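I have placed the structure first, in the form of structure tokens, so that the comments after it can refer back to it.
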Amino acid sequence: MLKIGVMASGGGSNFKAIIDHIGEGDLEAQCKFLITNNGTCGAVEHAKEYGIPVYHISGKTHPVAAEYEAALMDVLNRYDVDLLILAGYMKALPVCIVRRMENRILNIHPSLLPKYGGKGFWGIHVHEAVVAAHEKESGATVHLVSEEIDQGRILAQAKVPVMEDDTPEVLAARVLEQEHNLYWKTIRDYAAQL
Ligand code: GRF
């Protein structure tokens, strides 16, 4: 059985969608833990609801970088997951973690990478830039995590149209809906090749 761990910082709708698809039998996997850097985020509520262990590891809980990295490494070593799934984790992973899990960390990004990725392109800022550039389409990308932000190998994308009267918020909601369907399928397909 595929073992995954999830890292999230926000509302956790992607995390919930993945857990729901596991529950429905679409994705044969076990979610072993949620790591968050925000102890009060929506993802934590979802984890509690589903009885998934939560580890709050952040600059606040572990102000010394080496201790922060060791705490993350401890969780990875304890559960030995096959894949680490970043689902709205708003912090760059330490290089030691990326190397420990090479080709086994997936991220979802709310644009059609390589467009609108990298420094500064996170959250609503991605959609603001897409709307400002009058793009005709946008979407979501699932990619492997490498040492350079948003530059790892692209595994899958889903496209959505951008309407002329879209606000960044309206576009964000349209993209997020696609993310929920794209992520679990990409995890399933990628895991099948491992
Ligand atoms: C998503 O838009 C995802 O692409 C980005 O962060 C957002 C997370 O949303 N990386 P949620 O917390 O899963 O609702």
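What you see is a predicted model, and the numbers here were worked out from it, not measured in a lab. As a basis for the values below, the full set of heavy atoms in this structure was taken, side chains included, without hydrogen atoms, waters or symmetry mates. First listed ligand is number 1; within each ligand, the first listed atom is number 1.
- When each of Leu93, Val145, Leu83, Leu84 is checked for a side chain to side chain contact (heavy atoms under 4.5 Å, CB included) with Met101, only Leu84 meets the rule.
- Ligand 1 has an N or O atom lying under 3.5 Å from an N or O atom of Gly12, backbone or side chain.
- Note: an N/O pair closer than 3.5 Å links Ile108 and ligand 1 by distance alone.
- The closest approach between Met90 and ligand 1 falls below 4.0 Å for a heavy atom of the residue.
- Looking at His109 against ligand 1, only its backbone comes within 4.0 Å, counting heavy atoms.
- If you number the atoms of ligand 1 from 1 as listed, the ones under 4.0 Å from a heavy atom of Gly11 come out as 12 (O).
- In this structure, a donor-acceptor pair under 3.5 Å is absent between the side chains of Ser9 and Asn38.
- Within the model, atoms CD1 of Ile187 and CD1 of Ile85 stand 4.0 Å from one another, a figure rounded to the nearest 0.5 Å.
- The distance criterion of under 3.5 Å between nitrogen or oxygen atoms is met by Asn14 with respect to ligand 1.
- Shown here for His56 and Gly39, the closest heavy-atom pair between the two residues is NE2-N, 3.5 Å.
- Within ligand 1, counting atoms from 1 as listed, the ones closer than 4.0 Å to a heavy atom of Glu179 are 1 (C), 2 (O), 3 (C), 4 (O).
- Close approach of ligand 1 to Ser13 (heavy-atom distance below 4.0 Å) involves ligand atoms 11 (P), 12 (O), 13 (O), 14 (O).
- Atom-to-atom distance recorded for Glu102:CD and Ser146:OG is 9.5 Å, nearest 0.5 angstrom.
- Electrostatic pairing of Lys185 and Asp189 does not count as a salt bridge here, judged by no charged N lying under 4.0 Å from a carboxylate O.
- Between the side chains of Ser13 and His180, at least one donor N or O sits under 3.5 Å from an acceptor N or O.
- Atoms of ligand 1 found under 4.0 Å from any heavy atom of Gly88 (numbered from 1 in listed order, with element): 6 (O), 8 (C), 10 (N).
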